[in-house]
Number of protein chains: 2
Amino acid sequence: MTGVQERATSEGTRRPTRQRAAVAAVLADTDEFRSAQELHALLREGGDKVGLATVYRNLQAMAADGEIDMLRTDEGEAVYRACSTGHHHHLVCRVCGRTVEVEGPTVEAWATRVSAEHGFTEVRHTLEIFGTCATCSR
Amino acid sequence: MTGVQERATSEGTRRPTRQRAAVAAVLADTDEFRSAQELHALLREGGDKVGLATVYRNLQAMAADGEIDMLRTDEGEAVYRACSTGHHHHLVCRVCGRTVEVEGPTVEAWATRVSAEHGFTEVRHTLEIFGTCATCSR
DNA sequence: ATCTCAAATGAGAACGATTGTCAAAATCCT
DNA sequence: AGGATTTTGACAATCGTTCTCATTTGAGAT
Ligand SMILES: [Zn+2]
Ligand SMILES: [Zn+2]
Ligand SMILES: [Zn+2]
Ligand SMILES: [Zn+2]
């Protein structure tokens, strides 16, 4: 689950603010992964005044709390998205950005087994699939 | 295979240079993933004078040609390593950096199936497992 | 409502990895 | 050797992200 989500650490210690709500709201409105800067721009368009640094801070906090998912593009840029709860992975269309959340006992088991075989503990994994969705490939 | 390796595109069109050889050599000497900057530093220590930009260019070219593997750390930094050929994944110790190459028909099949089920084509995937190796966990 | 204090914010500077520029050097081909 | 083409290197420029710190805000006590 590394990189894609984190365990809910110190959760309740967070203060509700207008900015945080705005970030959560814009995330709830989009179903594609978005970068911090893109989200910041969307907020401005929507009339919400939120500092860029604040957007970064909130996204990171939310991701750390497992409220949203974060993954890195091929270029290394962090992108965020509101996701269903629980451990899962993503099937992302590299053309339009459409994302499907996928889950698989198969891979989870495989990852666990392989790690154990090599004596690794406290393992987390990242697994993302990129391709062309049906719509875009037509 | 996205992010971890790329198809061998235009290969033979590359000119052999001292710098390229030096980069390849230092990579062959290390068995852990290293960033471009680290490799550049290692080259200097070894007495090889190679420009930083050149190190970046060569690493990217080699990765694009599938000669070496590249993956991104949690912080988004690109790290490279000379790897065995063929499609595989990595089990990386987040403490000492020790890396084990793992392979699995299981995940490959799963990824293919899941992609197909959702109508995705031209799929590539990234899968890295991070944990604590036996040595470091003792 | 007022007071207090720690947490959160914002504006902008600072950072660090990566990329771009362009003239000089190396390689290839004849 | 001579000219065309690629590669290199020093350094400027990008760009995403983080840091700084003065100011604002939320939550709890009074
Ligand atoms: Zn698409
Ligand atoms: Zn998983
Ligand atoms: Zn280790
Ligand atoms: Zn694979």
Side-chain angles (χ1 to χ4, degrees), chain A residues 3 6 9-27 32-65 67-81 97, chain B residues 3 6 9-27 33-65 67-81:
Chain A
E6 291 300 323
T9 325
S10 55
E11 231 280 46
T13 339
R14 213 169 291 297
R15 257 182 212 177
T17 66
R18 172 181 63 76
Q19 294 83 340
R20 163 172 303 259
V23 171
V26 71
L27 271 171
E32 289 156 37
F33 278 94
R34 292 259 125 99
S35 71
Q37 313 235 25
E38 289 176 328
L39 291 168
H40 179 242
L42 286 176
L43 285 170
R44 301 208 127 180
E45 286 177 28
D48 288 300
K49 299 194 182 309
V50 184
L52 177 58
T54 299
V55 173
Y56 272 102
R57 285 187 288 240
N58 278 315
L59 288 173
Q60 284 163 359
M62 295 168 90
D65 284 351
E67 294 169 32
I68 61 176
D69 269 4
M70 180 259 261
L71 62 83
R72 297 215 173 250
T73 65
D74 279 351
E75 293 75 44
E77 189 180 12
V79 286
Y80 305 82
R81 192 188 117 155
Chain B
E6 290 301 323
T9 325
S10 55
E11 230 280 43
T13 338
R14 212 171 289 299
R15 268 181 203 178
T17 66
R18 171 182 65 74
Q19 293 83 340
R20 164 173 300 260
V23 171
V26 73
L27 272 170
F33 278 93
R34 292 260 126 97
S35 71
Q37 313 238 22
E38 288 175 329
L39 291 168
H40 178 243
L42 287 175
L43 285 170
R44 303 207 126 180
E45 287 178 28
D48 287 299
K49 300 195 182 307
V50 185
L52 177 57
T54 300
V55 173
Y56 271 102
R57 285 186 290 239
N58 278 317
L59 287 173
Q60 284 163 0
M62 295 169 89
D65 284 351
E67 294 170 32
I68 61 176
D69 268 6
M70 179 260 259
L71 64 82
R72 299 220 171 243
T73 65
D74 278 351
E75 293 76 44
E77 190 180 12
V79 286
Y80 305 82
R81 193 188 115 153

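The basis for the numbers below is simple: all heavy atoms, side chains too, and nothing from hydrogens, waters or symmetry mates. Labels below follow one simple rule: chain letters A, B, ... track the order of the sequence lines, proteins then strands, and each chain is numbered from 1.
- One can place CZ of R15(B) at 4 Å from C1' of dT6(D), the figure rounded to the nearest angstrom.
- Here the straight-line distance linking atom OH of Y80(B) with atom CD of E38(B) works out to 12.0 Å at 0.5 Å rounding.
- Here dA17(C) presents its C1' atom at 16 Å from CZ of R57(B), a figure rounded to the nearest Å.
- Within 4.0 Å (heavy atoms only), Q37(B) reaches at least one base atom of the nucleic acid.
- Note on R18(A): only backbone sugar-phosphate atoms sit closer than 4.0 angstrom, heavy atoms only; bases stay farther off.
- Note on Q60(A): only backbone sugar-phosphate atoms sit closer than 4.0 angstrom, heavy atoms only; bases stay farther off.
- Picking from dT9(C), dT17(D), dG20(C) the nucleotide with the shortest atom distance to the side chain of Y56(A) gives dT17(D).
- To the nearest angstrom, P of dT17(D) lies 11 Å from CZ of R72(B).
- Atom CG of N58(B) and atom C1' of dT8(D) are 9 Å apart (whole Å).
- Taking CD of E75(B) as the reference point, atom OG1 of T73(B) lies at 4.5 Å (rounded to 0.5 Å).
- For CZ of R18(B), the number of neighbouring non-hydrogen atoms (other residues, nucleotides, ligands) closer than 6.0 Å is greater than 12.
- Rounded to whole angstrom, the span from the CZ atom of R14(A) across to the P atom of dA6(C) amounts to 18 Å.
- Rounded to whole Å, the distance from CG on L43(B) to P on dT8(D) is 12 Å.
- dA24(C) atom P lies 22 Å from atom NZ of K49(B), rounded to whole Å.
- Remark on DNA chain C: of its neighbouring residues A36(B) and V50(A), the 5'-side contact belongs to V50(A), judged by nearest-heavy-atom nucleotide.
- Between R20(B) atom CZ and dT27(C) atom P there is a gap of 13 Å when expressed in whole angstrom units.
- OP1 or OP2 of dT8(D) lies within a sub-4.0 Å distance of a side-chain N or O belonging to T17(B).
- Judged purely by atom type and a 3.5 angstrom limit, R72(A) uses its side chain to pair as donor or acceptor with the backbone of D74(B).
- Each of R57(A), R20(A), M70(A), R14(A) was scored for a side-chain contact (heavy atoms from CB on, under 4.5 Å) with M62(A), with one residue passing: R20(A).
- Contact annotation: Q19(A) side-chain N/O to dG10(C) OP1/OP2 distance is under 4.0 Å.
- The listed nucleotides are dG26(D), dG20(C), dT27(C); the one nearest the side chain of P16(A) is dG26(D).
- Closest approach to the T54(A) side chain among dC11(D), dT9(C), dG12(C) is made by dT9(C) (side chain taken as heavy atoms from C-beta onward).
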